[in-house]
Amino acid sequence: MKMLINGERRDSVSGRIFPVHNPATGDVVGEAPLGGEDDVVSAIEAAGEAFPDWAAKSPRDRAKVLFLAAGEVRRRNTDLAALLTAEQGKPIREAVDEINGFANILEYYHGISAVPRGEFANLKGYGRTTVWRRPLGICGAIIPWNMPAIIMGWKIGAALAAGNTVVLKPARTAPLTCMRLAEILGEAGLPPGVLNVVTGPGETVGREIARNPAIRKVSFTGEVETGRQVALDAAPALKRLTLELGGSDPMIVCDDADIGKAVEGVIRGRFYNCGQVCTAVKRLYVDESIADEFVRRLTARVEEIVVGNGMDRGVGMGPLNNRAGLERVVDVVDAARERDEGEIVAGGRVPEGEQYKRGFFFLPTLVAGVSHDSVLFSEEVFGPVLPIAAVSGLDEALELANNSRYGLGASVWTRSADVIARATEELDAGIVWVNQHLRIPPEVPFGGTKASGIGRENGSRALDEYSEEKAVLVRL
């Protein structure tokens, strides 16, 4: 595939390319141009030329393009999902859900973007006052490899609906689906230059997006340290920022919880997408009165998960997306084992077998009785490893849940209205689930507290994140 700049497929200025590998097999599934600063500048110029006409369109006309694109994405779901699985690794059923999720986001912004946004007042002594919202201009989007279609939708849906143009950088290990989705938007009527996709390294393409003064806002999803660098690069131009920087989401299971439902919540909440989700369950706190039974039932379910190539029938968990991710998981588990920081009751190793040798596979892993100072609790482990600790009650659970530099998501599992009221009030997180975890509809604002980032994506407020207010006072 080639980059998309001004509605045209282009090679990089350097002419260099890079391969995209299937993380389950190591096979090359595609290639993309190795872009650089010059390619970003070309994309910015195209976005700048396209901005006035796109911003001048009515919100209803902009929304029609999103709606038509969503329909086409749904019609091509099978092919898009297969491409996503090939480059990212997730099971095909998860890829189908993600592609549908991208379409859901476009349809959501089609539905709300025509609703007038602004304020009106007749202030005595000042006259008639209106507050308009207008698009920012050129926006930059830098997305990761774990959920490329969904996160692309989060960033471009609101930006385009609000009247902005966008320069998007997908991740190097999973750019192909994003490039195909951008093509579909163009086929649906998105004018040339409104959405541009530049592929390449973060240290060149990403940094130019972050620091180029022509870009008014940058939305970034990724690691904390990279997010800090994006903020530093964007600071001289005083850009608006949305930074979603990961999390270490706690799940609290109370003594009155439905154990069966909570176990299933862990299975989906931790091992979906091989645990490579910012809001995945990454710390599990279970009331000590039910901890033994809970761990026993959870271990039995984890051992039923079939690990393999995401395209194969019956596979419940695919590989990690890249070698660095696998090595990180192996190192963390080995260190916990060497320091005796808990008991590995399931998994804890690379699976055996010829079919696993070329991919980045790791068995779904449970570590029970983990000490609270373990790196398994203190840092975000981006893979299929779940530390478990028994707690004496809600007070201890809430204290430990909040004892983290992250504050993205959290969940509590209980039948008690009093516990729900207290937990939802006291958990320091941007999103709190009750008797569920991981689900994020496009209608709900998404973002975190503390080191999990700043700003919000999704929901009607995302339109405010991609627009600015202009007050007008009129006296006659």
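Computed from a prediction, not measured in an experiment: that's the story for all the values here.
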Thr85-Lys90 side chain donor-acceptor pair, cut-off 3.5 Å: no
Once side-chain contact (heavy atoms from CB on, under 4.5 Å) is applied, do any residues pair with Glu465, and if so which ones, sequence neighbours excluded? Lys217, Thr242, Arg456
Shortest non-hydrogen contact from Leu66 toward Gly157: CD1-O, 4.0 Å
Scan for salt bridge (Lys or Arg N to Asp or Glu O under 4.0 Å) pairs involving residues 430-446, sequence neighbours excluded, and state none if there are none. none
Hey, are Asp233 and Gln229 close enough side-chain-wise for a donor-acceptor pair under 3.5 Å? yes
Quick one: pull up NE2 in His372 and CG in Leu400 and give me the separation to the nearest 0.5 Å. 4.5 Å
State whether a side-chain donor-acceptor pair under 3.5 Å links Asn100 with Asn77. yes
Enumerate the residue pairs fulfilling salt bridge (Lys or Arg N to Asp or Glu O under 4.0 Å) with a member in residues 271-287, sequence neighbours excluded, ordered by first and then second residue. Lys282-Glu380
side-chain contact (heavy atoms from CB on, under 4.5 Å) with Ala69: which residues, sequence neighbours excluded? Leu106, Leu185, Ala188
Could you give the distance from CG (Leu80) to CD (Glu98), rounded to the nearest 0.5 Å? 11.0 Å
Taking only residues two or more places apart in sequence or in another chain, which ones pass side-chain contact (heavy atoms from CB on, under 4.5 Å) with Phe294? Val253, Ile259, Ala262, Val263, Val266, Leu284, Val286, Leu298
Ionic contact status for Glu94 with Arg268, cut-off 4.0 Å: no
Does the side chain of Thr173 come under 3.5 Å of the side chain of Asn321 through a donor N or O and an acceptor N or O? yes
For Lys450, is the NZ atom crowded, meaning more than 12 foreign heavy atoms sit under 6.0 Å from it? yes
Just do the side-chain hydrogen bond (donor to acceptor under 3.5 Å, both in side chains) check on Asp39 and Ser42 with the steps written out, would you? CA-CA 5 Å; Asp39 300 293; Ser42 294; 5.8 Å; no
Rounded to the nearest 0.5 Å, what separation is found between the CZ atom of Phe102 and the SG atom of Cys178? 8.0 Å
Residue pairs fulfilling salt bridge (Lys or Arg N to Asp or Glu O under 4.0 Å) with at least one residue in residues 269-279, sequence neighbours excluded: none
Distance alone, cut at 3.5 Å: any donor-acceptor contact between the side chains of Arg207 and Asn212? no
Using modelled atom types only, decide if a donor and an acceptor are shared between the side chain of Asp256 and the backbone of Ser416 within a distance under 3.5 Å. yes
Should Arg405 and Glu379 count as an ion pair when the cut-off is N to O under 4.0 Å? yes
Is there a donor-acceptor contact under 3.5 Å linking the side chains of Thr177 and Glu87? yes
For Phe377 and Tyr285, I'd like to know if the aromatic rings sit close, meaning centre-to-centre distance below 6.0 Å. yes
Taking the six-membered ring where the residue is Trp, are the ring centres of Phe220 and Trp154 under 6.0 Å apart? no
In this structure, CH2 of Trp413 is separated from SG of Cys254 (nearest 0.5 Å) by 11.5 Å
